[in-house]
Structures are given as C-alpha cells and as structure tokens.
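In what follows, residues are counted from 1 in the order of the sequence shown. When a ligand or atom number is given, it counts from 1 through the structure's own listing order. On a predicted model such as this, the values are computed, not experimentally measured, just so you know. Computed from heavy atoms alone, side chains included, the values below leave out hydrogens, waters and symmetry copies.
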Amino acid sequence: MVMNISRKIEKVVVLGGGSAGLIAALTVKKMLPELKVEVVHSVELGVIGVGEGTTAAFPRHFFEYLKMDPMGFYLGAEPVWKMGIHFKWGPQTQGFYYSFQHEYKSRWPEMSRNTGFYCTEQTPWLGIASACMAHNKVFPRKPDGSPHFHKGHAFHIENIKLIGWLTGECRRAGVEFTEGKVSRVERGAEGVEFLELEDGRQVAGDLFVDASGFRSELLGRTMGEEYISFEKSLFCDHAVIAGWPRTTEPVQPYTVAETMDAGWCWRIDHEHWINRGYVYSSRFISDEDALAEFRRKNPKLANEPRVVRFKSGRYKRQWVGNVVGIGNAVGFVEPLEATALQVICVESSTLADTLKDSLCEPTPSLIDLYNRYNSRQWDDIRDFLSIHYAFNRRLDTPFWRACQEETDIAGAAEIVRFYQENGPSLVADAVLFDPTNSFGLEGYLAMLVGQGVPHGKPWSPPPAEAKVWRDRLAAYGQHGARGYSAEECLSLIRAGKIKFS
Ligand SMILES: Cc1cc2nc3c(=O)[nH]c(=O)nc-3n(C[C@H](O)[C@H](O)[C@H](O)COP(=O)(O)OP(=O)(O)OC[C@H]3O[C@@H](n4cnc5c(N)ncnc54)[C@H](O)[C@@H]3O)c2cc1C
C-alpha cells in the first residue's frame, strides 16, 4: 500500500529527456522557480523522435500559460503553422478540412441554421480558415494588406528541433540535467526513494515525474499501476515513417490525414522537409506490405523508412504516491489528431497548478482530482478518434470493414446517436459535452458531417439561403486565395515585421 506524500516537495526529479520530460520540467520550473528540478535521461536509449504535429493547446501553453517569448520559439524551433487537418476521409470527394476555428458550429445572420446543416460532399470550405487552408495560405489579409495573425493555429515542428529548443529553455530556466541510464529504482513508503544509474550514482527527490516513454519505468514497472487498453476502439499499433526534402512544393499549412488500405497516412510539412507516416494495424497488414503500399503511394521518399510500434491505452491513475506519469509513460493514443503534445502540456500545467495551490504539499483530494481530470482527457480522445474509424467509408478493405463493424465508440455513443437523429444541431452542445472536452461539438460535427454520416433531419435550404451560402463560400474562397502563405509569414517574422502582443 503506497502512502500519500507526507513531506513538502522541494525537489522534483524528471526521468526522461523527450518532449514529455522537457515540457514537464520547464513548466514546473517556470511556474515554481523555488523548486529544484533535475532531468535524468539516457543518450543511449534516446527519444522516440516522432511527434511533429500539435494542436492550438501548444501555443496557448507556451505563450499564454508560461508567457514565453514567441520570437525565441520561432527562431529556435523553426516551426511552420498548422491551421488544421485535411481529411482525405469519408465519401470519395476532395475530403474535408477540420480547422482550429468554429466553422461547423457558426451561424451566419442570414441563415436559419448553423453551417453544418448546409454542407454537402461538394462543399470545398466553410469559413475563412478552411478557405485559407484550401489555398495553402496561413493567415488571411486584413483590409490594410497586413496578415491577420490570429491565435487559431498550431504548429508543425521537427521533433529534433523541438527537443533542442526545449533543452535550451530548460537550462535557461535553471533545470539541471543528469545523463545516464537508470538501472534500479529504490522503493519507499511513498513510492520512490531514489533512482540508481548504471554507474552507481543515485538521484533522490521528493516527487518523481515518470516521462520515460513507453518503458514507463516508474509508474508501470516500479509502481505496477494497472493499464487500460484502448484496443477495442483503436486498432492501429504500428507506423512506418519517412519523408523527402522540399524543393519547389509550397508549404501546406495543415496536416493531411489520408485513408490507406489498413490505416492512414499523415503528411506533415516543414520548411525544408516533408514528413510522411503510415499508421496501420498489424492485424490486417504486415510490415513488408505496409512498407510496399507506403512506397507505392509516396514515390518521392528519400530516406530509409523506420517502423515504430505502439499501443493505445492509459494507466488507470497518472499520479500514484510520489510518482506522476507524463507523456507516453502514462498513456498513448495513435496520432490521428496529433494530441500527445497537447496532453503533455495539460498534464504539465495541471501538475504545476496542483503544486502551487497546495503550497507543494498536495492533498489526497487534489491528487484524486488530478487523476480524474487526466483520465478523462485520455478517454475523450479515444472516443473522438473512434468515430474517425467507425464512419470512414472511403475504402472497402478488410481493415475498414472491421472498423465499421467492430469499433467500440465508447463514450461517443450518445453524441453519435443524437447526431443520427437530429443532425448537426447545436442543441447538443451544452448537455453532451463536458467543458474540458478539447474537441467539443465542433470537432464532432467536423468528423460526422465531413464523413457524410447520414442523419434524420437533412435540410434543403430555400433559394434565398442557398444563394447566401454560395455567395459566402465564393467570397471566402477569394479571401482565402489572397491570404499569406507560410513562406511569406516566415520571411515577415525573420525580418522582425510581426509584432507579438
Ligand atoms: C507514430 C507516432 C506518431 C506521433 N505523432 C505525433 C504527433 O504528430 N503529435 C504529437 O503531439 N505526438 C505525436 N506522437 C507522440 C509523441 O511522439 C510523444 O508523445 C512525445 O514525443 C513524448 O514522448 P515521451 O517524451 O513521452 O517519450 P520519449 O521521447 O520516448 O522519451 C523518453 C525519455 O526517457 C528516457 N529514458 C527511458 N528509460 C530510461 C532509463 N531507464 N534511464 C534513463 N532514461 C530513460 C529516454 O532516454 C528519453 O529521454 C507520435 C507518436 C508515434 C508513435
């Protein structure tokens, strides 16, 4: 039986120097500078080296919560903007855009319903953000000609550059680093007493953050916390990853998620590199066949593809005794909505707030709430991803038939039932969605409307509304086409012509 923490926390040890460990260390140190924070990591074991798409929670965490300088991030991590996801999913059309703006939920003054009701398979975009995406533009142009640099965006960041920037920021903030492989963990009444490295050095602390990736050295292996698998909802468990150098192709400011025979393929654009990854289910395709399909559909691949294995699920509790898991050490869902860095940011800020508010003596009730809140986050993501699989009818393969027939849509069932009866009605918003659900009704509408899921209240707009719809989409298209490209915005930033408020 593990006791609760009885002593005041003065030193936090973070096991892991991947994005999870570094974000956790930076967040705790910046929010509680009085704490000693030490990162223990192994160069030999390395980091997972993937995780390049983010959500809008990422800039919120760094620039609003931690109040870090955006310019330092742009120059240090060299990101490009991600305005959403282009799903080549659902009916056999051009696919659909899911932007970070509220486009499916918005209700134009001239219309009797929200825009979700007017979308068809042919709708090319449904707001300025998606019109910009469709034209490879990042930010729209203001009336004075300057870019409207709004906050409804995320980033694509090369993992190695993100790690480099985070390491530098950690050092600047006063985080200490110890390199070495942990070979033994000393247990104590509260959980962990100290970590022992292969060369015999011992690293003690009051609170241990397990950011050791899929190894889950402390939460899983040492504390033996129960693991909850998401395999009934999410069947994919492998990815093969490679890319090619950008030459003349424009930077696409969105992630592409494209249906494949036994899964899906991402395209993530960086300034100088285009990253592709085929996420698939080993139940339905071998590594060799997945690689062959990946190569066939991506003839430009220029480096040797590498296979990464993963499982989707989470540990029952994230905080046990004096051990708090963050990142892959505590849970993982496959990257279809690129949510891992978002969850890491939320876990890290919740940890810092918990320490701050409890004067570094976290109470059992705070720890319990921490666990409930973070568990709900993981389950919400599983539920949302499950509908991507259950309703995608783009390809008729054994994998996709199994997805349609077998996917457990778990906590999404009530929302889907409501949609099937009532269509994209906003009435669902207040009752069916917890405020902490990061996708909310907008996300569900994007995926259900976008995939053409049939519902009981299709709306045939009267001629006057149909005309407003056509005219507005045409105007958005013109506006989108006039927007600023990623290349133009990068030049403006580097020339110091964008002022961050
Ligand atoms: C195919 C794929 C695609 C993904 N795409 C995205 C995406 O687009 N967006 C997104 O947000 N996320 C994505 N992710 C998830 C993302 O990569 C990770 O969640 C994120 O990088 C955090 O990883 P981590 O820090 O938890 O683990 P890791 O990067 O594996 O780091 C673990 C750290 O622990 C250290 N360590 C482990 N054991 C020991 C030991 N015994 N002694 C000393 N040190 C030790 C390692 O050296 C390393 O520093 C993707 C994941 C996969 C598998």
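Each of the following atoms of ligand 1 lies closer than 4.0 Å to a heavy atom of F332: 15 (C), 51 (C), 52 (C), 53 (C). Within the listing of ligand 1, atoms 1 (C) sit less than 4.0 angstrom from a heavy atom of A239. Taking every non-hydrogen atom of V182 and a distance limit under 4.0 Å, the qualifying atoms of ligand 1 come out as 40 (C), 41 (N), 42 (N), 43 (C). Applying the 4.0 Å criterion to heavy atoms of A211 picks out, from ligand 1, the atoms 32 (C), 33 (C), 34 (O). Residue K181 has at least one heavy-atom neighbour below 4.0 Å for each of these atoms of ligand 1: 42 (N), 43 (C). Within the listing of ligand 1, atoms 43 (C), 44 (N), 47 (O) sit less than 4.0 angstrom from a heavy atom of S42. Remark: ligand 1 atoms within the under-4.0 Å shell around heavy atoms of G17 are 33 (C), 48 (C), 49 (O).
Within the 4.0 Å heavy-atom shell around ligand 1 one does not find T54. Not close to ligand 1: G277, with no non-hydrogen atom less than 4.0 angstrom away. Residue S183 places no heavy atom under 4.0 Å from ligand 1. Residue contact annotation: V279 has no non-hydrogen atom under 4.0 Å from ligand 1.
Between the side chains of E103 and S130, at least one donor-acceptor pair of N or O atoms lies under 3.5 Å. Side chain to side chain, E38 and T178 meet the donor-acceptor criterion of an N or O pair below 3.5 Å.
Nearest protein heavy-atom contact of atom 35 (C) of ligand 1 is G16 CA, 3.7 Å. Looking from atom 20 (C) of ligand 1 to the surrounding protein, the closest heavy atom is S19 OG, 3.7 Å. A20 N, 3.0 Å is the protein heavy atom nearest to atom 25 (O) of ligand 1. Looking from atom 11 (O) of ligand 1 to the surrounding protein, the closest heavy atom is L341 N, 2.8 Å. Counting protein heavy atoms only, atom 6 (C) of ligand 1 is closest to G51 CA, 3.2 Å.
Here the shortest heavy-atom distance to atom 40 (C) of ligand 1, taken over V308, N159, L45, D237, belongs to L45. Of all the listed residues (I344, I48, V330, I241), I344 holds the heavy atom that lies closest to atom 22 (C) of ligand 1. Evaluated by nearest non-hydrogen atom to atom 41 (N) of ligand 1, the leading choice among Q342, E217, H238, R309 is E217. The residue among S212, P335, G46 with a heavy atom at the shortest distance from atom 48 (C) of ligand 1 is G46. Considering only non-hydrogen atoms, atom 8 (O) of ligand 1 lies nearest to G53 out of C345, S216, G53, G180. Of the candidates G18, G213, A24, G213 brings a heavy atom nearest to atom 27 (O) of ligand 1.
Among the candidates K316, R314, R372, the single residue satisfying the salt bridge (Lys or Arg N to Asp or Glu O under 4.0 Å) test with D379 is R314.
By the 6.0 Å and 45° rule, R60 does not stack over the aromatic ring of Y65. Stacking of R276 on the aromatic ring of F294 is not recorded, the 6.0 Å distance cut-off and the 45° axial limit not both being met.
A distance of 6.0 Å or more separates the ring centres of Y389 and F235. Between F310 and F214, the distance from one ring center to the other does not fall under 6.0 angstrom. The aromatic ring centroids of F139 and H153 lie less than 6.0 Å from each other. Aromatic pair F433/Y444: ring centres closer than 6.0 Å. If you look at W378 and F230, their ring centroids are not closer than 6.0 Å. No close placement of the W81 and H156 rings is indicated, their centers lying 6.0 Å or farther apart. The six-membered or imidazole ring of F58 lies near that of F62, with a centre-to-centre distance under 6.0 Å. Taking the ring centroids of H388 and F87, they lie under the 6.0 Å cut-off. Aromatic rings from F73 and F155 are positioned such that their centres are separated by under 6.0 Å.
Between M223 atom CE and W319 atom CH2 the span is 12.5 Å, to the nearest 0.5 Å.
Taking a 6.0 Å sphere around NZ of K232, one finds it holds 12 or fewer heavy atoms contributed by other residues, nucleotides or ligands.
At a 3.5 angstrom cut-off on N or O pairs, R215 counts as close to ligand 1. Polar contact check, V50 against ligand 1: a nitrogen or oxygen pair lies under 3.5 Å apart. The distance criterion of under 3.5 Å between nitrogen or oxygen atoms is met by N328 with respect to ligand 1. The shortest N or O to N or O distance between G49 and ligand 1 is not under 3.5 Å.
For V43, no heavy-atom contact with ligand 1 is shorter than 4.0 Å. At a heavy-atom cutoff of 4.0 Å, ligand 1 is contacted by no atom of E334, backbone or side chain. For A340, heavy-atom contacts with ligand 1 shorter than 4.0 Å involve the backbone as well as the side chain.
Here the side chain of E488 pairs a donor or acceptor atom with the backbone of S485 at under 3.5 angstrom.
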